[in-house]
Q: 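The structure's right below; bear with me while I get my questions together.
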Amino acid sequence: MDKIIKKLDLMSNEELHDPSISANKLLNGERAFFYDLYDPPFYILSRYDDINKALRDPDTFLEGYGNGPNFISSNGIVSDGDHHTFIRRIVQPNFLMGSIRNLETRLEEITDDLLSDINDREVWDIHDDLSFPLPVIIICEILGIPTDDIKKFKGWADAAVAQMCSEEPETFEKELDKMNDYFLLLINKKRSIPEDESLISKIANSKINDKYLADDEAVLLIKQIFVAGNETTTSLISNLVWRMLSIDNLWEDFVNDRLEIDGLISESLRYDPPLLGLFKTTSRDVTYDNVTIPSNTKVMMHYGAANRDSEIFDNPNKFDSTRDGKKVISFSVGIHICLGRELAKLETRVALRALRKKFPNLKLINNGQRVGPFLFWGRSKLPVSHN
Ligand code: HEM
């Protein structure tokens, strides 16, 4: 068994293209696995119970030095204690169920619009034509950012997720500075006019002890919301369409209304988590069996493994949309539980309903391409046809 575990290589071609292989290796290895193929090395937790407990213990497992493997000074909503509570309170109301439900009609309009010119095309792409633009447009509308330069946003969002996973994060700084400048301009504009309904206006006008949020923190918060909500939701939509078109009769059963949409979504999140894992920083030594993770160490919470832990999920390597999805951990749990989870699910529901209605004969051309960064799991290309 040890021999198999030694071969764990998250960046290998094989594991990048099938993260269930890493999950399986981890679940058969030590509870706290020391991964030294990355600089700096880190630990990985994989058992559902260990991760669930760790995420509910934010005093020990801090946001600390950011959600990636590198030690990067972190702030905005990726923060701890009172600061995190304060920041989360500013933005949370915009993502509560009540506010999200109001977006359904608008999401349907955007989706119809995106799919309106597809009919005549023999081959098109789920990622490029639907699952990438839909989340970007809606998050821009929530924030109050003009959507006219969507390609520029795509470049920045890609740079931000690549930076999070890279051993050389500084290489992305130049590109990301452009994003910072763009958001700062918007903040200053919002501060010069009366507060409006957009989230940027709210962030721009929020105050700690009677002072506006510092410029760099306001910029960071907008960036975090913008980035967190895009690539992940894009991947949820494309991963689910990919599986439905590749596994048995899933698509046909869905088209014929034999499968519940919400069951499909939660099973997709379990089986193909858009974020395979995120990192915390330990504030003290923590011991799992005979392995002690030292204080001030990066620890990856491997959601992909936890979601396939057979102690919790029967027959975990089977895609089964009828299973109870309550324990799926892909949106995290505890005080940092994903703020945008209801929005992501609603976007996916709307996209799937529209695809089913317009293109019941949808077919996969091939498996497309995997997104680049190792922590993320989704399709950056997914070509389909519909005749
Ligand atoms: C399928 C889509 C999504 C997945 C899989 C996902 C996943 C996650 C996860 C795992 C976390 C926990 C981070 C941690 O423990 O530190 C998180 C936090 C967060 N997510 Fe999402 N997310 C998704 C969509 C969205 C959307 C649409 C938004 C829109 C705004 C969003 C905004 C956030 C924010 C702001 C946080 C930080 C919350 C905090 O630290 O208090 N996410 N997300």
Side-chain angles (χ1 to χ4, degrees), residues 45 51-52 54-58 61-68 74-96 99-100 103 107 131-132 134-143 145 157 160-161 164 199-200 203 220-240 265-281 298-304 306-307 325 328-351 371 375-378:
L45 295 185
I51 292 185
N52 190 32
L55 293 170
R56 292 176 196 276
D57 179 5
F61 292 92
L62 304 170
E63 293 303 274
Y65 292 96
N67 286 150
S74 132
N75 216 332
I77 202 159
V78 184
S79 57
D80 296 293
D82 291 347
H83 188 81
H84 171 256
T85 311
F86 172 81
I87 296 287
R88 186 147 175 142
R89 273 199 197 130
I90 300 174
V91 290
Q92 183 144 291
N94 291 59
F95 295 96
L96 294 177
S99 315
I100 294 306
L103 297 173
L107 280 166
S131 69
F132 156 63
L134 179 64
V136 179
I137 294 171
I138 199 70
I139 205 78
C140 282
E141 291 188 5
I142 293 171
L143 284 164
I145 303 175
V161 297
M164 185 176 154
L199 189 50
I200 291 197
I203 292 170
L220 184 62
L221 180 54
I222 294 166
K223 201 161 95 182
Q224 285 166 340
I225 289 172
F226 184 77
V227 173
N230 284 329
E231 173 111 5
T232 48
T233 312
T234 297
S235 295
L236 172 58
I237 298 170
S238 352
N239 286 344
L240 180 47
I265 293 174
S266 77
E267 182 62 348
S268 174
L269 284 161
R270 185 191 73 82
Y271 197 81
D272 289 311
L275 270 168
L276 291 168
L278 282 181
F279 287 75
K280 306 283 168 183
T281 312
K298 283 275 182 164
V299 184
M300 177 180 181
M301 306 290 149
H302 203 299
Y303 308 127
N307 281 332
V328 174
I329 207 159
S330 305
F331 286 128
S332 190
V333 288
I335 61 167
H336 294 284
I337 188 168
C338 176
L339 195 65
R341 60 198 188 284
E342 293 306 333
L343 174 60
K345 287 191 279 186
L346 180 62
E347 289 176 57
T348 310
R349 252 180 250 128
V350 168
V371 294
L375 281 180
F376 291 77
W377 175 236

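Along the sequence shown, the residues carry numbers beginning at 1. Note that the structure is predicted; figures quoted are calculated from it, not measured. As the structure lists them, so they are numbered: ligands from 1, and atoms in each ligand from 1. Atom set for the values below is all heavy atoms of this structure, side chains included, hydrogens, waters and symmetry mates excluded.
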Q: Is it the side chain, the backbone, both or neither of Ile139 that has a heavy atom closer than 4.0 Å to ligand 1?
A: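 Near ligand 1, Ile139 shows its side chain, while the N, CA, C and O stay back.
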Q: Which heavy atom of Leu240 sits nearest a heavy atom of Ser268, and at what distance?
A: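 Closest approach of Leu240 to Ser268: CB-OG, 3.7 Å.
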Q: Applying a heavy-atom cut-off of 4.0 Å, say which part of Gln224 lies close to ligand 1: side chain, backbone, both or neither.
A: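 Neither part.
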Q: Counting only heavy atoms closer than 4.0 Å, does ligand 1 sit against the backbone of His84, its side chain, both, or neither?
A: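 Contact part for His84 vs ligand 1: side chain (C-beta onward).
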Q: Considering only the protein, which heavy-atom contact is closest to atom 30 (C) of ligand 1, and what is its distance?
A: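 Here the closest protein heavy atom is Phe95 CE2, 3.3 Å.
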Q: Which heavy atom of the protein is the closest neighbour of atom 14 (C) of ligand 1, given with residue, atom name and distance?
A: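 Nearest protein contact, heavy atoms only, for atom 14 (C) of ligand 1 is Lys280 NZ, 3.3 Å.
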Q: For residues Leu55 and Ile329, determine if any side-chain heavy atom of one lies less than 4.5 Å from a side-chain heavy atom of the other.
A: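 Side-chain contact under 4.5 Å: yes.
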Q: Out of curiosity, Asn75 CG to Glu63 CD, how far, rounded to the nearest 0.5 Å?
A: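 Rounded to the nearest 0.5 Å, the CG-CD separation comes to 11.5 Å.
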Q: Quick one: does Arg88 get an N or O within less than 3.5 Å of an N or O on ligand 1?
A: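 Looking only at distances, the answer is yes, because the N/O contact criterion of under 3.5 Å is met.
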Q: Can you tell which part of Val91 has a heavy atom less than 4.0 Å from ligand 1: side chain, backbone, both or neither?
A: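 Neither part.
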Q: List every atom of ligand 1 that sits less than 4.0 Å from any heavy atom of Leu236, numbering the atoms from 1 in the order shown and giving each element.
A: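 By the 4.0 Å cutoff, the relevant atoms are 1 (C).
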Q: Are any non-hydrogen side-chain atoms of Leu375 and Met300 less than 4.5 angstrom apart?
A: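 Yes. Closest side-chain heavy atoms under 4.5 Å.
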Q: Which atoms form the tightest heavy-atom contact between Phe226 and Ile145, and what is the distance?
A: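 Looking at all heavy atoms of both residues, the shortest contact is CD1-CD1, 4.3 Å.
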Q: On a heavy-atom basis, which atom in Ile77 and which in Arg88 lie closest, and how many Å separate them?
A: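 The answer is CD1-CA, 4.1 Å.
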Q: Can you tell if the side chain of Leu269 reaches within under 4.5 Å of the side chain of Pro274, non-hydrogen atoms only?
A: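 Yes; the side chains approach each other to less than 4.5 Å.
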Q: Using a 4.5 Å cut-off on heavy atoms from C-beta on, say whether the side chain of Phe279 contacts that of Val299.
A: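 They are not in contact (no side-chain heavy atoms under 4.5 Å apart), so the answer is no.
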Q: Does even one non-hydrogen atom of Tyr303 get within less than 4.0 Å of ligand 1?
A: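 Tyr303 counts as a contact of ligand 1 under the 4.0 Å cut-off.
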Q: Please state which protein non-hydrogen atom is closest to atom 10 (C) of ligand 1 and give its distance, to 0.1 Å?
A: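 Of every protein heavy atom, Ser330 O, 3.3 Å lies nearest to atom 10 (C) of ligand 1.
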Q: Testing the basics here: between Val328 and Ser266, what is the closest heavy-atom pair and its distance to 0.1 Å?
A: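 It is CG2-O, 3.8 Å.
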Q: With a 4.5 Å heavy-atom cut-off, do Ser79 and His84 have their side chains touching?
A: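 Side chain of Ser79 against side chain of His84, heavy atoms only: contact under 4.5 Å found.
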Q: Do Leu278 and Tyr303 come close enough that some side-chain heavy atom pair is under 4.5 Å?
A: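 Side-chain contact under 4.5 Å: yes.
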Q: Please evaluate residues Ile225 and Ile142 with respect to the criterion side chain to side chain contact (heavy atoms under 4.5 Å, CB included), reporting the C-alpha separation (whole Å), side-chain torsions for both, the decisive distance (0.1 Å), and the verdict.
A: CA-CA 10 Å; Ile225 289 172; Ile142 293 171; over 6 Å; no
Q: Which pair of heavy atoms, one from Thr281 and one from Tyr65, lies closest together, and at what distance?
A: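 Taking Thr281 first and Tyr65 second, the nearest heavy atoms are OG1-N, 3.1 Å.
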Q: Nearest 0.5 Å, please: how far is NZ in Lys345 from CD in Glu347?
A: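 Rounded to the nearest 0.5 Å, the CD-NZ separation comes to 12.5 Å.
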Q: Which heavy atom of Ile100 sits nearest to which heavy atom of Phe95, and what is that distance?
A: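 Smallest heavy-atom distance, with atoms named: CG1-O, 3.5 Å.
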Q: With backbone taken as N, CA, C and O and side chain as the heavy atoms from C-beta onward, which portion of Ile77 lies under 4.0 Å from ligand 1: side chain, backbone, both, or neither?
A: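 The answer is both, backbone and side chain.
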Q: Minimum distance, heavy atoms only, to atom 40 (O) of ligand 1: which one of His336, Glu63, Gln92 is it?
A: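 The nearest heavy atom belongs to His336.
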Q: I'd like to know if Val78 contacts ligand 1, where contact means a heavy-atom distance under 4.0 Å to any ligand atom.
A: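 No, Val78 has no heavy atoms under 4.0 Å from ligand 1.
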Q: To the nearest 0.1 Å, how far is atom 13 (C) of ligand 1 from its closest protein heavy atom, and which atom is that?
A: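 It is Leu278 CD1, 3.4 Å.
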Q: Any N or O of Glu347 that comes nearer than 3.5 Å to an N or O of ligand 1?
A: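 There is no such contact.
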Q: With 2.8 Å as the limit, jot down which protein N, O or S atoms are around atom 21 (Fe) of ligand 1.
A: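 Listed by chain and number, the atoms are Cys338 SG.
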Q: List ligand 1 atoms under 4.0 Å from Ile335, heavy atoms only on the residue side.
A: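 Answer for ligand 1: 41 (O).
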Q: Would you please determine whether Thr348 falls within less than 4.0 Å of ligand 1 on a heavy-atom basis?
A: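 The answer is no, since Thr348 has no heavy atom less than 4.0 Å from ligand 1.
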Q: Using a strict 4.0 Å cut-off to heavy atoms of Asn67, name the atoms of ligand 1 that fall inside it.
A: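 The atoms of ligand 1 under 4.0 Å from a heavy atom of Asn67 are 16 (O).
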